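Everything below concerns the one structure shown next.
In the text below, chain A, chain B and the rest are named by the order of the sequence lines, each starting its count at 1. Just so it is clear, the model here is predicted, and its values are computed rather than measured.
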Number of protein chains: 2
Amino acid sequence: MTPSSPSAPDDDERSPPLGWQAQKSASTRTQITEAAIKCFVEYGYSRTTTTLIAEKAGLSRGAMLHHFPSRLAVVRAAVEHLHSKRLRAFRKAVTKPSTDGDHVRQGVEAYWSHVRHPMFVAFFELAVAARSDKELASILRPAQEAFEREWHQAAVDVFPEWRGRGEKFDLALDLSRYVLEGMAISFLTHKETERDQRVLTYLDEKIRELAGLPKLADAPERK
Amino acid sequence: MTPSSPSAPDDDERSPPLGWQAQKSASTRTQITEAAIKCFVEYGYSRTTTTLIAEKAGLSRGAMLHHFPSRLAVVRAAVEHLHSKRLRAFRKAVTKPSTDGDHVRQGVEAYWSHVRHPMFVAFFELAVAARSDKELASILRPAQEAFEREWHQAAVDVFPEWRGRGEKFDLALDLSRYVLEGMAISFLTHKETERDQRVLTYLDEKIRELAGLPKLADAPERK
DNA sequence: CCGGTTTCAATCAATTTTGACTTTTTCAAG
DNA sequence: CTTGAAAAAGTCAAAATTGATTGAAACCGG
């Protein structure tokens, strides 16, 4: 069932030979939660069984259930882990010094990269499953709300000059969120085309309009 | 397990006393597929078991498996049924004589109503599940592609004057699709606010811009 | 009224998943 | 080197789901 070697040094085993049991335990726990997240992305939420998680983490199922007594406990930990990772990655993306001082472009790009990352897929799977699973919903809601607050705060930080013009600001935020998430979700089943680049460029343009910023001379290449 | 009366006259039982067995069978089959669709909406795809479908359809499980030999057969039929219903409803919405000759408004409104309908939720559940279920994906893909072709055709029909200006036309279409679907999906877990009405109004406005139509004097109330 | 077909109901075995329980291994401290 | 606690592995029964099989009931044509 678990043919992998008992102590396969994964990417979380890089802790120095402090050899502490507590540290090893923590390392194993993150290994498990990350395996769970990978399973969400690869197999979807409902197909993520404890067996599958243990297999992907390179542990026996019994070992996993020692760290997390039940499936839900793993899910809980995975949600927290995913949330903090997501938050950290997003913060890093928006606080990165802008390459050309183009706040709009950077903000859009940051969230666009974010929603195309596997982490967003994992969170999306959880969100969809939570729609008809009240228990999961109660676990997910705090993390989701926290992320959205952070998202909004990041937007305020990126556009400090935009204070007071609340109505258009909110509109630009909502529009961006819906367009980018809608595109990202669409791309889960469809493949990207050149047309979609035009949508991103157009979104940039409209946000600038709403912000009262000057039009960009020409749209530079998007990666 | 199935406490409901054996021959509960549901909304599909209203066929006249033609008493034919073949017709009754067809009626029962649509009853089953519609029950399956309801289950997708209410419990999600993965939790929609054969037991649950039979229960919701008011049949014994054995009776259901007589009409559809396997779970997948039910899903297949449900996808087809859902697809034709979706297509019919959408066609009706877009071909309805516009109340005030405002094509843009009508088109947006039509698709907005569509994505807020339970049928869209069901299709969405299927689409998400299909992401990690190749068998379901192969069932769903034809229906999805057919609907998208029809969607595009409907857009062309609603804006006959827009031929030739392909680039902006496609942009308007893509934008609308992403915004509306993104909003609809967001509303599956969040609740609607007044801010979202502004996004719809803004979308109307931008489509008019792209089409080169005059700005609307004032935004009438949305229902 | 009868015969055969269709529809429906109920039971059964096989499989999967889960969580509890037991046993073995690892490892740091004395 | 011994020892005891933590970690890992393996085993087990209970529950759920599925599809097959069998038996009963309704219905139509003759």
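- We find that CZ of Arg47(B) is positioned 16 Å from P of dT17(C), with the value rounded to whole Å.
- Using a 4.0 Å cut-off, some side-chain N or O of Thr50(B) falls inside it from OP1 or OP2 of dT18(D).
- In this structure a side-chain-to-backbone donor-acceptor pair under 3.5 Å is missing from Arg116(A) to Phe187(A).
- Closest contact between the side chain of Thr28(A) and the listed nucleotides dA8(D), dT18(D), dT17(C) involves dA8(D).
- For Thr51(B), whose side chain is taken as the heavy atoms from C-beta onward, the closest listed nucleotide among dA9(C), dA8(D), dT18(D) is dT18(D).
- The CZ atom of Arg71(A) sits 13 Å away from the C1' atom of dT16(C) (whole-angstrom rounding).
- When the P atom of dT17(D) is taken as reference, atom CG of Leu72(B) falls 18 Å away, rounded to whole Å.
- For Phe120(A), there are no ring pair (Phe, Tyr, Trp, His ring centres under 6.0 Å) partners two or more places apart in sequence or in a different chain.
- Of all nucleotides listed (dT17(D), dG19(C), dG19(D)), dG19(C) comes nearest to the side chain of Ser70(A).
- The ring of Phe123(B) has its center no closer than 6.0 angstrom to the ring center of Phe40(B).
- Atom CG in Leu59(A) sits roughly 11 Å away from atom P in dG10(D) (whole-Å rounding).
- Not one N or O on the side chain of Glu181(A) forms a donor-acceptor pair closer than 3.5 Å with the backbone of Gly182(B).
- Taking a cutoff of 4.0 Å between a charged side-chain nitrogen and a carboxylate oxygen, Arg105(A) and Glu109(A) qualify as a salt bridge.
- In this structure, CD1 of Ile32(B) is placed 11 Å from C1' of dT7(C), rounded to the nearest angstrom.
- Note: NE2 (His66(A)) to C1' (dT11(D)) measures 18 Å, nearest angstrom.
- When rounded to the nearest whole Å, the span between CG of Leu65(B) and P of dT6(C) equals 18 Å.
- Nearest to the side chain of Ala63(A), among dA9(D), dT17(C), dT18(D), sits dA9(D).
- Residue His67(A) has a polar side-chain atom (N or O) positioned under 4.0 Å from OP1 or OP2 of dA8(D).
- Summary of the strand contacts: Gly62(A) and Ser46(A) both lie near DNA chain C, and taking for each the nucleotide with the nearest heavy atom, the more 5' one is attributed to Ser46(A).
- One can place CZ of Arg61(B) at 19 Å from P of dG23(D), the figure rounded to the nearest angstrom.
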